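To start, the structure itself, in structure tokens.
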Number of protein chains: 2
Amino acid sequence: MIKMSYNKPDEKSISLFFRAIANIKRFRILVTLNEKGPMCVSQLEDLLDIEQSDLSHNLKCLLNCKFVNREYRGKEKVYSINDYMRGLINSINNHIGTYENYIKSCDILNVKETKNSNKLGIIKNR
Amino acid sequence: MIKMSYNKPDEKSISLFFRAIANIKRFRILVTLNEKGPMCVSQLEDLLDIEQSDLSHNLKCLLNCKFVNREYRGKEKVYSINDYMRGLINSINNHIGTYENYIKSCDILNVKETKNSNKLGIIKNR
DNA sequence: TTATTATATGACATTTTTATCATATGATAA
DNA sequence: TTATCATATGATAAAAATGTCATATAATAA
């Protein structure tokens, strides 16, 4: 039973919210849906070069959290970004832009890459 | 060389930004500094019941990202929340509150707990 | 000076998250 | 019906994040 009325969110919800958006692939999906409009999974696959099953798993997360909406079009599923998320993405740009270089230099979040690892998972798949 | 002028942030910065705040302990530190005002590490330790070295590691992350500021007071270090973060925390409350139950039911983010694990790390330490 | 208090750091084990593979489901076309 | 296309799911290996311990540093007190 899921209720829709407003509640002051608890810590668990807030943490989940940020964890959902903190994933770079999920974030790229949101940005793409924001900039290019609604599209189906295989279009996202082509644009983002992310494995189909990987995409589906991440879309499920975004859908569960209501960051995206889904419509059925025959055998395709068309995903679109939730209006709130669109606004949020814009509103944080200024802050992150200003402090970008500090954030990037955080040695708690960043780990040096070794030949076999890409701790941030950001460069590959691009 | 860290520059302060505004840039449109890249994906890496955005991902780091959210990963910094997605950690429940770091988020609780921010909330505490927001609600109770500036305080030193040992005060946070008492209030939040987080290990001293764990706190220091997480404070370093928050400081690196400029989510908090630090002042010296004798041998104590006094941390305070950055004004932007204060606003952000409030602005997302409505959205998360509305969709809280959806977010909580996301089975990509949530993993069932077993006797030896607390995957979310949320209940313990309270 | 040495002792004490407060905080920070490095190493690394533990826990959690992510990526990938094999397979399932569901819609439509042949 | 069977074949094909589009997407979803479950299991689990690989990678990354977190927690903890031992120890370092830095300020002040004795």
Side-chain angles (χ1 to χ4, degrees), chain A residues 15-16 18-29 39-46 48-64 68 70-79 106-125, chain B residues 12 15-16 18-29 39-46 48-64 68 70-79 106-122 124-125:
Chain A
S15 172
L16 289 169
F18 285 117
R19 284 166 52 209
I21 204 175
N23 177 285
I24 190 71
K25 287 185 181 173
R26 288 194 286 268
F27 189 79
R28 290 173 64 207
I29 292 168
M39 63 182 71
C40 68
V41 180
S42 55
Q43 288 176 294
L44 283 167
E45 207 180 337
D46 291 342
L48 295 175
D49 194 29
I50 298 175
E51 248 280 309
Q52 179 269 316
S53 63
D54 196 4
L55 257 182
S56 282
H57 282 300
N58 284 316
L59 283 168
K60 184 180 185 187
C61 173
L62 294 172
L63 185 66
N64 284 344
V68 300
R70 180 169 68 182
E71 275 175 22
Y72 292 75
R73 188 171 62 194
K75 54 188 169 184
E76 297 176 342
K77 312 278 172 72
V78 179
Y79 288 87
C106 175
D107 65 357
I108 301 295
L109 295 172
N110 271 295
V111 180
K112 288 101 242 140
E113 292 184 20
T114 60
K115 62 182 182 316
N116 292 320
S117 71
N118 179 337
K119 291 258 178 178
L120 291 171
I122 284 158
I123 305 308
K124 62 182 182 182
N125 292 330
Chain B
K12 177 173 176 174
S15 172
L16 289 169
F18 284 117
R19 283 166 53 208
I21 204 174
N23 177 286
I24 190 68
K25 286 184 182 174
R26 289 194 285 267
F27 189 79
R28 290 173 64 206
I29 291 168
M39 64 182 73
C40 68
V41 181
S42 54
Q43 287 175 295
L44 283 168
E45 206 180 338
D46 291 343
L48 296 175
D49 193 28
I50 299 174
E51 248 281 309
Q52 180 269 315
S53 63
D54 196 4
L55 257 183
S56 282
H57 282 300
N58 284 316
L59 283 168
K60 185 182 185 187
C61 173
L62 294 172
L63 186 67
N64 284 344
V68 300
R70 179 168 68 181
E71 276 175 23
Y72 292 75
R73 187 171 62 194
K75 55 189 169 184
E76 297 177 342
K77 311 278 173 72
V78 179
Y79 288 87
C106 175
D107 64 358
I108 301 296
L109 295 172
N110 272 295
V111 180
K112 289 100 240 144
E113 292 184 19
T114 61
K115 62 185 181 315
N116 293 320
S117 72
N118 179 338
K119 291 257 176 179
L120 291 169
I122 286 157
K124 62 183 182 179
N125 292 331

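Every chain is numbered from 1 and lettered A, B, ... according to where its sequence line falls, protein lines coming before strand lines. Just so it is clear, the model here is predicted, and its values are computed rather than measured.
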Using only side-chain N and O atoms of B:N23, determine if any of them is under 4.0 Å from OP1 or OP2 of D:dT18.
yes
Could you tell me the separation between the CG atom of A:L63 and the C1' atom of D:dT9, rounded to a whole number of Å?
15 Å
Can you tell me how far C1' of D:dT18 sits from CG of B:L48, to the nearest Å?
16 Å
If I take atom CG in residue A:N58 and atom P in nucleotide D:dT7, what distance separates them, rounded to the nearest angstrom?
15 Å
I need the CG-P distance between A:L16 and C:dT17, as an integer number of Å.
9 Å
For a quick check of understanding: with a heavy-atom distance under 4.0 Å over all strands, which category does B:R26 fall into, base, sugar-phosphate or nothing?
sugar-phosphate
Identify the nucleotide, in any strand shown, that forms a Watson-Crick or G-U wobble pair with C:dA30, with both distances under 3.5 Å; if there is none, say none.
D:dT1
Report the distance from atom OH of A:Y72 to atom P of C:dG26, rounded to the nearest whole Å.
10 Å
Quick one, B:L48 and B:I29 - any side-chain contact, counting heavy atoms below 4.5 Å?
yes
Which nucleotides of nucleotides 3-9 of chain C have their base under 4.0 Å from a protein heavy atom (B), which only their sugar-phosphate (S), and which neither (-), written as one string 5' to 3'?
--BSBBB
Only counting residues at least two apart or in another chain, list the ones meeting salt bridge (charged side-chain N to carboxylate O under 4.0 Å, His left out) with A:K77.
none
Below 4.0 angstrom from OP1 or OP2 of C:dA19, is there any side-chain N or O of A:K25?
yes
Measure from CD1 on A:I50 to P on D:dA8 and round the result to the nearest Å.
14 Å
According to side-chain contact (heavy atoms from CB on, under 4.5 Å), who are the partners of B:S42, at least two apart in sequence or on a separate chain?
B:C40, B:E45
